[in-house]
Structure formats: C-alpha cells, structure tokens
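Here is how names work: the chains are called A, B, and so on, in the same order as the sequence lines, proteins then strands, and each is numbered from 1. Just the heavy atoms: all of them, side chains too, but no hydrogens, waters or symmetry mates, feed the values below.
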Number of protein chains: 2
Amino acid sequence: MRDYLNERSRQILEAIIEDYIATAEPVGSRAITRRHAMSLSPATVRNVMADLEEMGFLISPHTSAGRVPTEQAYRFYVDSLLDVRRMAREEREEIRKRCQLSGKDIGEVLKETSRLLSSVSHYMGIVAAPRFASNVFRHMEFVKLGGRRILAVLVSRNGAVQNRIIEADEELPPADLVRMGNYLNGLLEGLTIARVRQRILEEMEDEKTRYDLLLTRALRLSQQTVAENGDEVFIEGQANILEQPEFADVVKMKEIFRAFEEKGQLIGLLDRCMEAEGVHIFIGSESSLGQMAGMSLITSTYRTGKNSMGVLGVVGPTRMGYAKVIPIVDYTARLVSKLLELE
Amino acid sequence: MRDYLNERSRQILEAIIEDYIATAEPVGSRAITRRHAMSLSPATVRNVMADLEEMGFLISPHTSAGRVPTEQAYRFYVDSLLDVRRMAREEREEIRKRCQLSGKDIGEVLKETSRLLSSVSHYMGIVAAPRFASNVFRHMEFVKLGGRRILAVLVSRNGAVQNRIIEADEELPPADLVRMGNYLNGLLEGLTIARVRQRILEEMEDEKTRYDLLLTRALRLSQQTVAENGDEVFIEGQANILEQPEFADVVKMKEIFRAFEEKGQLIGLLDRCMEAEGVHIFIGSESSLGQMAGMSLITSTYRTGKNSMGVLGVVGPTRMGYAKVIPIVDYTARLVSKLLELE
DNA sequence: GCTTAGCACTCACAAAACATGAGTGCTAAA
DNA sequence: TTTAGCACTCATGTTTTGTGAGTGCTAAGC
C-alpha cells in the first residue's frame with residue numbers, strides 16, 4: 001500500500017509532518033494550503049488526508065481537530081522524505097568549540113558532550129561511555145591511603161580511568177604495592193579488560209603463583225580492581241524536555257523523569273545501537289521500551305581507539321526536528337571519535 | 001513580640017505547622033480542634049490565629065481559606081518547637097547499608113550518598129565533594145596514552161582522584177614520565193593541593209631547575225595536573241520533588257529544574273555551610289538565592305581525613321518534614337565522615 | 001475578662017450552560 | 001478529478017450559578 005503514495009500525497013504528508021513538528025498542533029486541511037502555497041483547495045487536501053489516514057500515516061485526535069502523524073508517518077518521513085539539512089555554521093562552530101579534550105578526564109569530556117548535544121538540539125543529550133571491558137589495558141597501580149585502605153587505579157589506552165578504594169585483608173607496605181603494580185603491568189599490558197579478567201583467573205590457578213604469597217595477593221587485588229562496573233551514561237538537559245508542549249502535563253513529566261532516573265533499560269537500548277556503526281533512529285515504540293512512549297531516540301556510534309565503541313545521541317519527543325538533529329548527532333559522533341583517536 | 005507567645009499559642013502554631021507539613025493545604029480553625037483534640041472551640045483558635053497572623057507567623061492566601069505558616073513560623077518552629085524525632089530503625093538500617101566504600105571511587109560513594117539521601121527523605125539529595133584544594137597530596141603519576149597525549153593521575157590522601165588528559169608539547173618516553181613522577185612525588189608529598197600549587201610555582205622560579213629541561217617539563221606537567229577544577233556537586237532525586245504538590249505547576253517546575261542545572265550559585269551556598277561544622281538550615285529566602293524561593297535546605301558537614309570538609313544535605317519545599325529530615329542529614333554526615341576517616 | 005455560639009460575609013472551586021470556531025465528511029456542480 | 005457549499009462534530013473558552021470551608025464580629029455564658 002505504501003508504494004501507492006503518489007507524489008502529491010507525499011508532498012502533503014511531508015507538509016503535515018513538518019507543520020506538526022513546528023507547531024505541535026494537529027494540522028488541518030486549510031492550514032496546509034495556506035502555509036505551503038499549494039495550488040489545491042482544502043477539500044482536495046482533505047480527500048488525500050482521508051486516504052493517508054486509512055493507510056495509517058495519520059490519525060485525528062477527534063473529529064473536529066486536524067490530523068497528527070503516526071509513528072509510521074515519522075518512519076516514512078525519516079526513510080524517504082527527509083532532506084537532512086546541512087548544519088548551520090554556528091552550530092558546527094559551537095560543537096567544535098565545546099569538544100575539547102585537554103585538561104579534562106574522559107568522563108568529563110563525555111558529560112560535556114552530552115550537555116553540548118542537549119543545548120544545540122534543545123532536547124536531551126545522552127552519551128554512553130564505551131564499554132570498559134572492551135578497552136585495552138594500559139596500566140594498573142595501587143596507592144596506599146590509610147591503614148588497610150588501598151586506592152587502585154586502572155588506566156586503559158584510550159585514557160579511561162577506573163578508580164577504586166579497596167579494603168585489603170592486611171596492611172601492605174608501599175614497596176609491596178609498587179612491586180605488585182610492576183608485576184601486573186608486565187603481565188597484562190596490551191590485553192583488553194575482558195581478557196585481563198580471564199588472565200587473572202588463569203594466573204591464580206597456576207601452581208607457581210599458588211605458593212607465592214605476594215603474587216597471590218597482587219592477583220586478588222587486581223581482580224577487585226577490574227571487577228565489573230556499571231556502565232556510565234550521561235544524560236543532560238532534562239529541563240529542555242520541559243519546554244516541549246507534549247509534556248506540559250505534570251503526570252507525563254513525572255513519568256519521564258522517573259524513567260530516566262533508572263538508566264538500566266536505556267543502557268540495553270544503547271547497547272543495541274552499538275551493534276552497527278553509524279546513525280540509528282528509534283521512533284516511539286520502535287525502541288520497545290515502555291518509558292519511551294512518545295519519545296524518539298537518535299544515536300550514532302563513536303569510537304575511542306581501535307575497537308571500543310560508545311554511543312551518543314539525542315532524546316526528544318517523536319515530534320522531533322529530525323532534519324536538524326540527525327546531522328548534529330552525526331557530526332558530534334565523528335568529532336568525538338576524532339578527538340579520542342589515538343595517533 | 002515573639003516573647004509574648006504563651007504556651008497555648010505555641011501549641012496552636014505547632015499544630016498548624018505540622019498539619020500544613022502533612023497536608024500542604026491551608027489549615028483552618030476547625031481542622032485544628034478536630035485533629036489535635038484540643039479543649040478549645042474553633043472560635044478561640046480563630047482568635048489566636050488572628051494574633052499569630054498579626055505577629056507574622058501566618059498568612060491566609062485569601063479570606064476564606066485557612067492559614068499557612070510563613071518562613072518566620074518555620075524558623076521559630078525549627079528553633080523552639082521542633083522535637084527532633086529519633087530515626088526509625090529501618091531508616092538507620094537503609095542508610096548504613098547503602099553507605100559502602102569498598103570497590104567504589106570517592107565520587108561514586110558521594111553520588112550514592114546523594115541518592116540515598118533523596119530516597120530516604122523523599123526530597124532531593126545533595127552532596128558536595130570536599131574542596132580538592134584542601135586535600136593532602138599523596139601521589140602523582142603520568143601514563144602515556146598515544147602520541148603526545150598523557151594521562152595525569154593525581155591522588156590525595158583521602159582517596160580523591162583527579163584524572164586529566166594532557167596534550168604535551170612533545171612526545172615523551174615512558175621512562176621520563178616515571179622519573180618525573182618520582183621527582184614530583186618526593187617534592188610534594190604531604191602538602192595540601194593548595195600548597196602544592198604554590199610550591200610548583202616557587203620551584204619553577206628556582207635557578208637550579210631553570211636549566212634542567214626534564215624538571216622544567218615535569219613542573220609544567222604537574223602544574224596542568226593540579227590546575228583548578230570545578231567543584232563537584234551531586235544532586236539526585238529531582239523526580240521526588242515533582243511529587244510535592246507545591247510544584248504541581250509546570251512553570252514552577254521548569255524554574256526549579258533550570259535552577260539546579262546551573263550549580264554555580266548553589267556551590268556558593270554550600271561553601272557558606274562549610275564555615276561551621278554541624279547542621280545548617282536555610283528556610284526559603286534565608287539562603288538569599290532567588291532560585292530557592294519556597295525551598296529549604298538542610299545541610300551538615302562531613303570530613304574526610306583531618307581537615308578537609310564537605311557538605312551534604314537535603315533540598316525540599318519550605319513545607320518540609322524537618323523533624324524527620326534533620327536527623328537523617330545529621331546521621332548520614334556522621335556516617336560518611338566515619339567511612340572516609342583515615343585510621 | 002476569657003471563651004464560645006451564632007451569623008453574615010467572602011471567595012476559591014466545581015459544575016453547568018452556552019458560544020465559538022476550526023475542522024471534517026459528503027454531495028453535487030464545474 | 002477537483003472544488004464549492006453545507007451540515008455536523010467537538011474541544012476550548014467564557015459566563016453563570018452553586019456549594020462549602022473558613023473568616024470576623026457581636027453578644028451571650030462562665
């Protein structure tokens with residue numbers, strides 16, 4: 001059926017979607033003819049609209065309102081109609097200016113990127129840090145704090161750092177901690193963190209180490225250091241979403257905030273985006289997350305170093321300025337990739 | 001005038017405040033006599049209420065509504081009437097259970113504490129990390145990433161870590177980085193970060209180092225490493241505030257979210273709390289922050305190590321369950337202090 | 001001299017009644 | 001196939017009308 005959309009119907013559908021994106025009001029036949037200078041009468045447009053409704057692209061909230069695009073319409077729009085706008089120079093400028101690496105740690109960079117995405121798009125910015133497990137081990141070190149307390153610092157090649165305070169079984173002299181570090185660095189250099197975990201287990205099994213107390217301790221410490229860690233997701237600009245008229249309702253708003261407080265499900269979705277490079281678009285229920293009802297997600301992957309990939313993107317209402325946001329997300333992802341590239 | 005409050009007036013005022021805290025509705029004379037089993041008629045209560053209004057403790061939103069406590073009333077309540085409740089056992093339990101240090105870095109601990117405060121109090125939790133500058137230097141290290149990129153890791157005695165990616169002027173061999181680290185650690189051990197900054201400057205001025213390229217480079221690197229950093233504040237549980245009826249208005253809500261997105265002013269306020277140990281309470285305009293209109297802040301200081309102090313607390317509407325929240329904040333602060341204590 | 005019953009008055013809020021107007025579907029003519 | 005015309009629908013805004021909680025004041029009661 002979809003194939004039967006002729007040129008005129010497409011134009012009208014596009015006009016409706018764009019009007020709706022711009023105004024958030026159901027759009028009626030007269031509004032179309034007026035705003036888009038069509039050489040058609042409202043009556044004709046009405047006929048077309050009736051067809052589009054039957055095909056599932058439009059629904060009317062009630063008899064005497066205009067019509068509103070369905071998810072299917074947005075999908076069609078994004079796939080076939082959308083003319084991705086070139087970014088305005090100021091936008092490029094702002095993005096480039098705020099993507100700065102120097103003097104910050106990776107977490108901050110990603111957080112700032114998230115903020116950036118939100119402020120440029122006027123929706124919510126979202127950035128998931130690359131899975132730590134796929135990073136490449138660079139360096140591990142133990143710093144004695146006080147008593148039995150040890151700070152473990154784990155650095156990966158792309159500059160991601162994981163710090164942990166570990167309560168050791170007994171007090172260890174600083175010299176031992178240094179030796180442990182040296183030993184482990186030699187052992188683990190160049191492996192991915194996932195491999196590091198395996199390697200530590202293997203090594204612990206080894207007969208030779210079993211009888212070496214220092215090694216055993218070192219391995220046990222390192223094991224705690226590289227233990228699984230909740231993945232980080234930075235969501236910024238939640239206040240932006242409040243400006244959107246579809247969330248003017250307090251109840252709706254509460255739901256959204258609750259939803260994003262619990263990041264777990266979102267992470268699952270972002271993981272799926274990582275399966276393939278490039279831009280992904282989830283419209284409304286396509287994400288099959290209940291909490292995302294009425295919301296769309298545009299993501300793109302970025303990479304740090306050779307393989308480890310992260311995801312960043314923008315969350316907004318389904319009625320989102322796709323034409324504007326898609327290039328923003330795409331450009332930002334490329335920029336972040338370049339920024340984090342290891343020469 | 002305040003001194004003329006006799007016992008009966010106090011009781012009535014207390015009853016009004018507590019009713020209002022519980023219901024968020026203006027409270028009327030009949031409600032008081034009913035709910036608090038007073039041996040007084042509504043008419044009498046009305047007379048007292050009229051007096052209290054004149055004294056500035058109450059206002060009526062309009063003629064035929066009940067009355068609502070003013071900030072002055074809350075202040076009086078907190079200072080003179082409040083009977084700080086002992087905490088419920090489950091609350092203590094939950095707080096203790098969730099205050100865990102092991103396996104996390106300090107930032108995470110504080111963030112989790114903030115989340116904890118919000119979920120136990122049902123308002124917003126807020127935790128400011130101790131000023132980094134007053135921490136005591138423990139350890140500094142440089143890890144080579146790729147090309148000229150260096151990761152600088154700065155550890156203080158209390159376990160706070162600052163990571164930074166630094167773009168060096170030229171590529172440096174790893175061995176040099178290690179030597180630099182050793183040199184700097186010897187030089188700076190035991191100083192506060194603030195002193196470290198001075199020390200680096202002094203050292204750079206020194207004739208001896210001027211002609212040693214490696215030292216000069218090391219100092220320049222370290223200077224970037226310890227450069228001023230925006231202080232961290234963790235605010236969690238913003239969704240809780242949405243449950244409060246006083247913020248049911250969408251416009252109000254937007255304001256609040258905008259306000260807390262910009263943390264700058266808040267930090268100023270928290271700094272003031274650090275000037276003296278213990279619990280501080282700001283009611284509404286007392287904080288003299290416009291954004292805090294209608295909101296109260298309860299904070300307490302915590303300490304990590306000997307001197308460096310941080311602040312944590314709860315933000316809620318002025319109509320806040322002070323009796324319940326004050327002990328929560330107090331207890332949590334003590335617990336965090338103990339947790340971060342260096343043996 | 002307090003305390004309290006009685007009563008008129010106020011005013012937010014809810015429900016009902018009404019008007020408005022944008023938008024639709026259908027029919028018949030161009 | 002397109003379009004003008006027209007009756008019909010229905011959300012939204014406005015006015016009207018009740019309702020009830022709460023007040024202040026006065027005068028009687030203890």
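With dG24(D), dT23(D), dT4(C) as the candidates, the nucleotide lying closest to the side chain of Ser41(B) is dT4(C). Here dT4(C) is the nucleotide among dT4(C), dT2(D), dG20(D) with the atom lying nearest to any side-chain atom of Ala43(B). Here the side chain of Arg46(A) is nearest to one of dT10(C), dT23(D), dC26(C), namely dC26(C). For Asn47(A), whose side chain is taken as the heavy atoms from C-beta onward, the closest listed nucleotide among dT3(D), dC6(D), dG6(C) is dT3(D).
Spacing between atom CD1 of Ile59(B) and atom P of dG22(D) amounts to 17 Å, rounded to whole angstrom units. Nucleotide dG24(D) holds its P atom 7 Å from the CD atom of Glu53(B), rounded to whole Å. Put simply, CG on Asp51(A) is 14 Å from P on dT24(C), counting in whole angstrom units. Atom CZ of Arg30(A) and atom C1' of dG25(C) are 17 Å apart (whole Å). Counting to the nearest Å, the P atom of dG25(C) and the CG atom of Leu52(A) are 12 Å from each other. In this structure, Ile32(A) places its CD1 atom 15 Å from C1' of dT24(C), rounding to the nearest Å. At whole-Å resolution of the value, CD1 in Ile16(A) and P in dG23(C) are 12 Å apart. The separation between Glu25(B) atom CD and dG20(D) atom C1' is 14 Å, rounded to whole Å.
The aromatic rings of Tyr322(B) and Tyr77(B) stand perpendicular to each other, their planes meeting at an angle above 60°, with 30° marking the opposite boundary.
Nucleic acid contact for Arg67(A): sugar-phosphate only, since backbone atoms but no base atoms lie under 4.0 Å from a heavy atom of the residue. Note on Ser60(B): nothing from the nucleic acid sits closer than 4.0 angstrom, heavy atoms only. Counting non-hydrogen atoms under 4.0 angstrom, Ser64(A) reaches a base of the nucleic acid.
Within the 4.0 Å cut-off from OP1 or OP2 of dT1(D), not a single side-chain nitrogen or oxygen of Thr44(A) is found. Between Thr63(B) and dG24(D) there is no side-chain N or O to OP1 or OP2 distance below 4.0 Å. Close to dT2(D), at under 4.0 Å from its OP1 or OP2, lies a side-chain N or O of Arg8(A).
Nucleotides of DNA chain C nearest to Leu40(B) and His62(B) differ in position, and the one nearer the 5' end is that of Leu40(B).
The pair Arg89(B)-Glu93(B) does not meet the salt-bridge criterion, since no charged nitrogen lies less than 4.0 angstrom from a carboxylate oxygen. The residues Arg258(A) and Glu255(A) are annotated as not salt-bridged, no charged nitrogen and carboxylate oxygen being separated by less than 4.0 angstrom.
A donor-acceptor contact under 3.5 angstrom links the side chains of Ser9(B) and Asn6(B), judged on distance only.
Between Glu286(B) and Arg272(B), the shortest heavy-atom contact is O-NH2, 4.1 Å.
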